Amino acid sequence: MARIQVSGGRRLSGTVEISGAKNAVLPILMAALLTRRPCRLAGVPYLRDVATTMQLLGQMGVAISVDDRARVSLDAAGLSTDLAPYDLVKTMRASILVLGPLLARHGSARVSLPGGCAIGARPVDLHLKGLAAMGAEINVEGGYIHARAERLHGARVVLDTVTVTGTENILMAATLAAGTTVIENAAQEPEVVDLAECLISMGAQISGHGTNTITVVGRERLEGYDYRVVPDRIETGTFLVAAAMTGGKVRTINTRPNIMDAVLQKLEEAGAELSVGDDSIELDMQGRRPRSVNITTAPYPGFPTDMQAQFTALNAIAEGTGVVRETIFENRFMHVQELQRLGADMRVEGNTVIIRGVERLTGAPLMATDLRASASLLLAGLVAEGETVVDRVYHIDRGYENIEEKFGQLGAAIRRLPVS
Ligand code: EPZ
């Protein structure tokens, strides 16, 4: 398994360029299934999940090519199958996002149930309930979702829980349904907004995206897209937390400050000096140790669950006691026992972790379990004395482009170890 070694104690400084948002790229690539026209997407990050998505779409008969400037061209005119097989879906739950587009464009879909993952059961019941409300016949057997619909029709879908990919599946299906669909309690995440904007560029009639009520008037067909994906707010936040933890000064560029209010507010509470431009955020910790902060995760615009592990790591070495509450997923504390191996003083009580900041951590071998937990282990390794080796970094490669190069450019002593 690939491993990354980091030697702690270096103060990060310099500039890092932010890549396109993983959680916007994935649904937008799937949206190419909605049309027979060619599509082109710019700003695509080089990530395992993007490679998996292109493999999945390629298997379905979508013609895909990537040029040397991270632009992906897709053409789904030759769509040849409606199958999303288990061997791919089990490596990337977001594969469920082919369901809505296949039903809308092709009239049928066979998608493996994603199954759970390290951070929780991750059911897709709300995806299925919404599509059934739009006229899809859905049954689940043999671990697969079998769905059919001559033509989906508009419906009023009230989502019991805010679900990002659930909103995205129903939104994409609604663009080609007969009539109007209203999605209540819709996710407001910037990645949902980016998908909606891309769909609108294809001719979809969508309003209310970015609020909790999205209205879609279905069309007969959609054009292709020529679109650039929104920058990754979670990658941005991860580098800013790394700067705060190491007492450094880091400038993130090609990012989107106006979708990061909750995270930037917590960084200021931790004592960071922020200077924010149109597409840049600079964090200066001026050599100080961060102060502990209290976090409660929530759907956007609340504090993002995908930044919880990173702030848990920050609290591990901060001044004071921080309380972190995870309200989105039932098991998103896998990083805690790994951080404890470095000497962190934290304990989990239900969906809360209480963290008493310590002066220093000591490097140790660690095991990555899920994407954002793995990032928090690297962050802790940046400040732990001595060497920290994080194993199973394929988790990190799912969501961070060239992470060791980017940290290396900022002065970290970090390298990927040859596979043993
Ligand atoms: C998306 O996952 C993101 N992934 C996740 O990012 C992110 O953590 C999550 O949203 C929350 O922001 C992508 O966009 C590809 P949900 P998603 O459906 O859509 C429950 C990362 O690190 N739920 O919003 O799968 C669910 O169990 C990844 O980049 C149902 O009960 O998350 C959870 O408790 C990790 N039934 C809550 O809703 C459903 O049908 C929110 O999940 C769907 C969800």
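Order of appearance sets the numbers: ligands from 1, and atoms from 1 within every ligand. Remember, predicted model here, so these are calculated numbers, not experimental data. For this chain, numbers begin at 1 and follow the sequence in order.
- Among pairs with a residue in residues 181-194, those fulfilling side chain to side chain donor-acceptor pair (under 3.5 Å) read Arg156-Glu184, Glu184-Thr213, Glu191-Arg233, Asp194-Tyr227, at least two apart in sequence or across chains.
- Protein residues lining ligand 1, listed by chain and number: Lys22, Asn23, Ala94, Arg122, Pro123, Val124, Asp125, Leu126, His127, Thr161, Val162, Thr163, Val164, Thr165, Thr305, Asp306, Ile328, Phe329, Arg332, Leu371, Arg372 [non-hydrogen atoms, distance under 4.0 Å].
- Side-chain polar atoms of Lys406 and Ser19 form a donor-acceptor pair below 3.5 angstrom.
- Each side chain to side chain donor-acceptor pair (under 3.5 Å) pair with one or both residues in residues 196-208, not counting sequence neighbours, appears once here: Glu197-His209.
- Not less than 6.0 angstrom separates the ring centroid of Tyr144 from the ring centroid of Tyr86.
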Might you work through the side-chain contact (heavy atoms from CB on, under 4.5 Å) test for Arg37 and Arg221, ending with a clear yes or no?
-> CA-CA 10 Å; Arg37 309 288 301 151; Arg221 69 182 59 74; over 6 Å; no

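- Remark: Arg110 engages Asp82 in a side-chain hydrogen bond (donor to acceptor under 3.5 Å, both in side chains) (not counting sequence neighbours).
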